[in-house]
2 protein chains.
Amino acid sequence: MRQVHPNAALEREAVIKMLREHHITPTQQRVDIAMALFERPQHVCADQVLVQVNAVESLVSKATVYNTLGLFAKKGLIREVLVDPARLFYDSNMTPHHHMYHTDSGILEDVAPGQVQLGALPDAPEGMVVEGVDVVIRVRRV
Amino acid sequence: MRQVHPNAALEREAVIKMLREHHITPTQQRVDIAMALFERPQHVCADQVLVQVNAVESLVSKATVYNTLGLFAKKGLIREVLVDPARLFYDSNMTPHHHMYHTDSGILEDVAPGQVQLGALPDAPEGMVVEGVDVVIRVRRV
DNA sequence: ATTGCGTTTAGACAAAGTCTAGCACAGAAA
DNA sequence: TTTCTGTGCTAGACTTTGTCTAAACGCAAT
C-alpha cells in the first residue's frame with residue numbers, strides 16, 4: 001500500500017496545483033515524479049528519475065517514468081536537453097538559460113542567459129514556428 | 001573481390017589526401033566511407049552511411065562504420081550533431097554554421113553563421129577548453 | 001617467409017527507450 | 001457512496017542504436 005510521509009503533504013499539494021496549471025491530470029505517479037524533479041533544479045535522465053522515485057519504496061514503473069517525462073516535456077513543465085548521444089536529459093529549470101556540457105565527465109551546467117548574446121534568429125520557414133533554441137557549449141579537459 | 005569504378009579514381013585520390021591531412025591512415029573502408037560522406041554536404045546517421053556504402057556491393061561492416069565515423073569526428077573531419085534523441089547525426093560540412101531541426105519530420109537544415117548573432121560566450125572553467133558551441137533552432141508545423 | 005601491429009569483421013552483447021495487453025485508478029454522474 | 005467510463009499504470013517482451021570481443025586480415029619491416 002502506498003504511504004505518503006505526512007510532512008510532504010504541503011509540497012505535494014503545490015505540485016498537484018502545478019500539474020493542474022499545465023493541464024496534466026495529477027495521478028499519484030505523476031506527482032511522485034514531479035516531486036522528485038522539482039525537489040531541486042536539476043538535470044536528470046529517465047533512469048535516474050526511476051531510481052530516485054523508487055528509492056524508498058517501489059512506486060512507479062519504467063514505462064510510466066518514460067511516458068511521464070515525455071508528457072511533462074510536451075506540456076512545458078520540463079525541458080529536454082540533448083547533450084549526450086546515449087541518453088536524453090531533462091531539465092526541471094524552465095527559466096530561459098543555456099547549457100555547458102563537460103564531454104569527458106558528463107557534467108551538465110546551466111549558463112545564465114545573459115552570458116550568451118543571442119540575436120537575430122532566422123525566420124522559421126512558412127507554416128512553422130520556432131519551438132525553441134538550444135545553445136550548448138561543449139567543454140573538455142585541456 | 002573489391003572493384004573500384006575507374007572514373008572514381010581521381011576523387012578517391014583527393015579523399016586519401018584529405019584523410020592523410022587529418023592524420024588518418026587511409027584504408028579502403030575509410031576511403032569508401034569518406035567518399036560517401038563527401039559526395040555532397042549532408043547530414044547522415046551511421047545506419048544511412050552503412051546502407052549507402054554497401055549499396056552496390058558489401059564493402060564495410062557495421063562495426064567499422066561506427067568506429068570510422070567516431071574516428072572522423074575525433075579527427076575533425078566531420079561533426080557530430082545532436083538533434084534526435086534516438087540517433088546521432090554526422091555533418092560532413094565543417095564550415096562554421098548552425099542547425100535548424102524540424103522536430104516532426106526529422107529534417108535537419110544548415111543555418112548560415114551570419115543568420116545567428118552569437119557574442120560573448122562565457123569562459124570555460126579553469127583547465128578546460130571550449131570544444132564547440134552548438135546552436136539548434138527547433139521548429140515544427142503550426 | 002615471418003613477425004608485428006593496426007584494422008576489419010561477424011556476431012554476441014548492452015543500454016535506452018517503446019509497445020502491448022490487461023488491470024487499476026481518477027473523476028464524473030447518479 | 002457506488003457505479004461507470006475513459007485515462008493511466010504495469011510487467012515484461014521487444015526494438016533500435018550502438019559497443020564489445022575474439023579471430024582473421026593486411027601490410028610493412030625484418
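Computed from a prediction, not measured in an experiment: that's the story for all the values here. Proteins come first, then strands; the chains are lettered A, B, ... in the order of their sequence lines, and each starts at number 1.
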Which whole-number value in Å describes the distance from [X] [atom1] to [N] [atom2]?
| X | N | atom1 | atom2 | result |
| --- | --- | --- | --- | --- |
| A/Q48 | C/dG17 | CD | C1' | 15 Å |
| B/D84 | C/dG17 | CG | P | 12 Å |
| B/I33 | C/dT7 | CD1 | C1' | 12 Å |
| A/L59 | D/dA11 | CG | C1' | 16 Å |
| B/D32 | C/dT9 | CG | C1' | 15 Å |
| A/L50 | C/dA15 | CG | P | 15 Å |
| B/I24 | C/dT8 | CD1 | C1' | 16 Å |
| A/L19 | C/dG27 | CG | P | 11 Å |

TODO: Report yes or no: is there a donor-acceptor pair, N or O only, under 3.5 Å between the side chain of A/K62 and the base of D/dG12?
DONE: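 Result: no qualifying N/O pair found.
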Task: Spacing of A/L77 atom CG and A/L37 atom CG [to the nearest 0.5 Å] - done: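 Rounded to the nearest 0.5 Å, the CG-CG separation comes to 8.0 Å.
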Hydrophobic cluster of [X], others only, ordered by chain and residue number, side-chain cut-off 4.5 Å:
| X | answer |
| --- | --- |
| B/V111 | A/M100, A/V111, A/V116, A/L118, A/L121, A/M128, A/V130, A/V133, A/V135, A/I137, A/V139, B/M100, B/V116, B/L118, B/L121, B/M128, B/V130, B/V133, B/V135, B/I137, B/V139 |
| A/V51 | none |
| A/V142 | B/V129 |
| A/M94 | none |

Task: Which residues share a ring-ring contact (aromatic ring centres under 6.0 Å, His included) with B/H98, sequence neighbours left out - done: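 For B/H98, no residue satisfies ring-ring contact (aromatic ring centres under 6.0 Å, His included) once neighbours in sequence are set aside.
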Task: Pairs involving residues 18-51 of chain A, ordered by first then second residue, that meet ring-ring contact (aromatic ring centres under 6.0 Å, His included) (sequence neighbours left out) - done: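 Sorted result for residues 18-51 of chain A: A/H43-A/H99.
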- [ ] For A/N67 and for A/P26, locate the closest nucleotide of DNA chain C by heavy-atom distance; then report the residue assigned to the nucleotide nearer the 5' terminus.
- [x]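 Final value for this comparison: A/N67.
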- [ ] For B/A112, enumerate each residue passing the side-chain contact (heavy atoms from CB on, under 4.5 Å) test, keeping only those at least two apart in sequence or located in another chain.
- [x]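 For B/A112 the side-chain contact (heavy atoms from CB on, under 4.5 Å) partners, ignoring immediate neighbours, are B/Q115.
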Open item on the list: Suppose we screen for side-chain contact (heavy atoms from CB on, under 4.5 Å). Which residues come up paired with B/Y66, at least two apart in sequence or across chains?
Closed with: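 side-chain contact (heavy atoms from CB on, under 4.5 Å) check on B/Y66 returns B/A46, B/K62.
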Distances under 3.5 Å only, N/O to N/O: pair up the protein atoms with those of nucleotides 6-8 of chain D.
from	atom 1	to	atom 2	distance (Å)
D/dG8	OP1	A/R30	NH1	3.3
D/dG8	OP1	A/R30	NH2	3.1

Task: Sub-4.0 Å heavy-atom contacts from residues 85-92 of chain A onto DNA chain C, ordered by number - done: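 Under 4.0 Å from DNA chain C: A/A86, A/R87, A/L88.
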Open item on the list: Can you confirm whether A/T25 sits close enough to A/R30 that some side-chain heavy atom of one is under 4.5 Å from a side-chain heavy atom of the other?
Closed with: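 They are in contact (side-chain heavy atoms under 4.5 Å apart), so the answer is yes.
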Heteroatom pairs (N/O) under 3.5 angstrom, protein to nucleotides 21-29 of chain D:
none

- [ ] Would you tell me if any nitrogen or oxygen in the side chain of A/Y66 comes within less than 4.0 Å of OP1 or OP2 on C/dG17?
- [x]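 For C/dG17, OP1 or OP2 has a side-chain N or O of A/Y66 closer than 4.0 Å.
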- [ ] Quick one: which residue pairs count as a salt bridge (charged side-chain N to carboxylate O under 4.0 Å, His left out) with a foot in residues 86-99 of chain B, not counting sequence neighbours?
- [x]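 Checked against salt bridge (charged side-chain N to carboxylate O under 4.0 Å, His left out) - neighbours excluded - the pairs reaching residues 86-99 of chain B are B/D84-B/R87.
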